[in-house]
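Report on the following structure.
What you see below is based on every heavy atom in this structure, not just the backbone, and it leaves out hydrogens, waters and symmetry mates. None of these values were measured; they are calculated from a predicted model. So that the names make sense, note that chain A is the first sequence line, chain B the second, and so on, each numbered from 1.
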There are 2 protein chains.
Amino acid sequence: MEPSAPPLHRRIRATIEARILSGEWPPGTRIPAETELAASYGCARMTVNKALTELAADGLIERRRKAGSVVKRPVLQSAVLEIHDIRAEVEAAGFAYRYEILKRSTRQANRGDCARLQLDKPVPVLAISSLHLAADRPFCLEDRLISLHAVPQGEAENFAVLSPGAWLIGQVPWSQAEHRISAVAADAGMAALGMPMGTPCLAVERRTWNADHPVTHVRLIYPGEAHALVARFAPSKAG
Amino acid sequence: MEPSAPPLHRRIRATIEARILSGEWPPGTRIPAETELAASYGCARMTVNKALTELAADGLIERRRKAGSVVKRPVLQSAVLEIHDIRAEVEAAGFAYRYEILKRSTRQANRGDCARLQLDKPVPVLAISSLHLAADRPFCLEDRLISLHAVPQGEAENFAVLSPGAWLIGQVPWSQAEHRISAVAADAGMAALGMPMGTPCLAVERRTWNADHPVTHVRLIYPGEAHALVARFAPSKAG
DNA sequence: TAGTGGTCTAGACCACGCA
DNA sequence: GCGTGGTCTAGACCACTAG
């Protein structure tokens, strides 16, 4: 059986995208108007419109009334990295995944907690340290703070089945997040990772809000040069 | 003057998005069929379709024929980080930007070069080391390899006006890229950054292809804990 | 002011995938 | 089967903006 042809709007999109990526239509080139393209493809304008709208959403072209659609200059270094779920990451690499809760406490947010969650005034918080292991070897150290104001059910949860991160997804939606990636030197608090002090580690911090309300702050420490965040991608999202 | 109302498909999208993010429609909830929504909004199905198609593209809902549209479990840990142009990054922080070319050479790709560019067989390459400075202080060390097979005009370029990265954008489009972020210890090769050996540094590596053809490999070293990659975002791209 | 994209309609047929 | 989304049409009017 022949594989059925992809939809027309997708073929139109692919054709134009190929011309841009090949350099045939360099940045600044004006793309034929929707009506012209519709005529040349022998289809309705709406079909062409869908293709061009997607290209614009992907940042390959810029569209303006009257001026028409022009090929955009690539935004250069602006690119995208996906940060995966730890369990999925470990299992995708072919290792057995396991985690341990190292420490757990409930308290009224202190000064440092307020800074981590960017709280205006103290609320009850749940602090959890856990260790993620790949094939029983330390993979990542997690230090998490959860606002019990946003997630009161956290107080009764023991995280026996799901790690704090995985559990939290099912509890509360998030409307905004902030990531921060940096390099730090291993200190005494990272002894669980079993590395000499001073070893470079990758630190990934994430803050999450739901409707302007702080939900959680997590700091993930990946040991040394052994780990890297990797992403492979094309300039168009939907490609 | 009243601000003119946003288009109908956008209002429909916003309404549904709000219900999902507020938790009113938790993951797994089935969204009314397009025909039902069209009836309740008193509009054509195409209009509802556009709204739902965008929500699906943003990963908020999942659509299947016959089964209908259901609210997706947020992928949480999967998130997005933008890596900005260095010059823009420095200037956005309010510092004067400057760069220096430290070293430059042309050669037939050696074993290490082939690995960096993922070349099958050696091609002529251009190797450039440069230092990016913010307010005359070292900000980032760049070590770049450019395939002269993909960008022959690089041989004659002196990079006096544009840094190698900025210059390269204008020369050749890219169809795919790979990023790798890790933590490394400062070594002798990073002396230009003026840091003690062993200091943790953030290393960002990027490989770029054009139509399966290697274009460049760059390694950016940011000194110590002073620098971090930060991104703030909402779950929906178009929000 | 005229050309262009932005939006919307009221239909249509088809493909998929649960029942 | 048959309900659902996927796609497409052949129009239409409007909003913006470059010339």
**Derivation and outcome, ring-ring contact (aromatic ring centres under 6.0 Å, His included), residues Phe139(A) and Tyr222(A)** = CA-CA 7 Å; Phe139(A) 177 77; Tyr222(A) 293 88; 5.8 Å; yes
**Prompt:** Counting only distance, no hydrogens or angles, is the base of dT4(C) paired donor-acceptor with the side chain of Arg30(A) under 3.5 Å?
**Reply:** no
**Prompt:** Do side-chain atoms of Ser147(A) reach the backbone of Val125(A) as a donor and acceptor pair under 3.5 angstrom?
**Reply:** no
**Heavy-atom donor-acceptor pair, Thr47(A) side chain to Cys43(A) backbone, under 3.5 Å** = no
**Asked** Taking CG from Leu52(A) and P from dC8(D), how many angstroms apart are they, rounded to a whole number?
**Response** 14 Å
**Complete:** Taking for Asn49(A) and for Lys66(A) the nucleotide of DNA chain C with the nearest heavy atom, the one nearer the 5' end belongs to Lys66(A)
**Separation of dG5(D) C1' from Leu37(B) CG (nearest whole Å)** = 12 Å
**Asked** Reckon Ala67(B) touches a base, only the sugar-phosphate, or nothing at all at heavy-atom distances under 4.0 Å?
**Response** nothing
**Asked** What integer distance in Å separates Met46(B):CE from dC8(C):P?
**Response** 11 Å
**Complete:** Among dT4(C), dT9(C), dT4(D), the one nearest any side-chain atom of Cys43(B) is dT9(C)
**Message:** Without decimals, in angstroms, what is the distance between Lys50(B) NZ and dT7(D) C1'?
**Reply:** 14 Å
**Prompt:** Distance from Leu55(A) atom CG to Glu17(A) atom CD, nearest 0.5 Å?
**Reply:** 6.0 Å
**Item:** Interatomic distance, Tyr41(B) OH vs dT7(C) P [rounded to whole Å]
**Value:** 17 Å
**Item:** Phosphate OP1/OP2 of dT7(C) contacted by Thr47(B) side-chain N/O (<4.0 Å)
**Value:** no
**Asked** With sugar-phosphate meaning primed atoms plus P, OP1 and OP2, does Ser69(A) contact a base, only sugar-phosphate, or nothing at under 4.0 Å between heavy atoms?
**Response** sugar-phosphate
**Asked** Counting only distance, no hydrogens or angles, is the base of dG6(C) paired donor-acceptor with the side chain of Arg45(A) under 3.5 Å?
**Response** yes
**Message:** Please confirm whether the shortest side-chain N or O distance from Arg64(A) to OP1 or OP2 of dC16(D) is below 4.0 Å.
**Reply:** no
**Item:** Pro7(B) side-chain proximity, nearest of dG5(D), dT7(C), dG5(C)
**Value:** dT7(C)
**Fill in**
Rounded to whole Å, CD of Glu34(B) lies from P of dC8(D) at a distance of 15 Å
**Asked** Which nucleotide in the set dG3(D), dA10(D), dG5(C) lies at the smallest distance from any side-chain heavy atom of Arg63(A)?
**Response** dG5(C)
**Prompt:** Tell me: NE2 of His9(A) to C1' of dT7(D), nearest whole Å?
**Reply:** 7 Å
**Message:** When both hydrogen-bonding distances must be under 3.5 Å and the geometry is Watson-Crick or G-U wobble, what is dA15(D) paired with, if anything?
**Reply:** dT4(C)
**Item:** Spacing of Leu8(A) atom CG relative to dC13(C) atom P, expressed in whole Å
**Value:** 19 Å
**Item:** Donor-acceptor pair, side chain of Thr15(A) and main chain of Arg11(A), under 3.5 angstrom
**Value:** yes
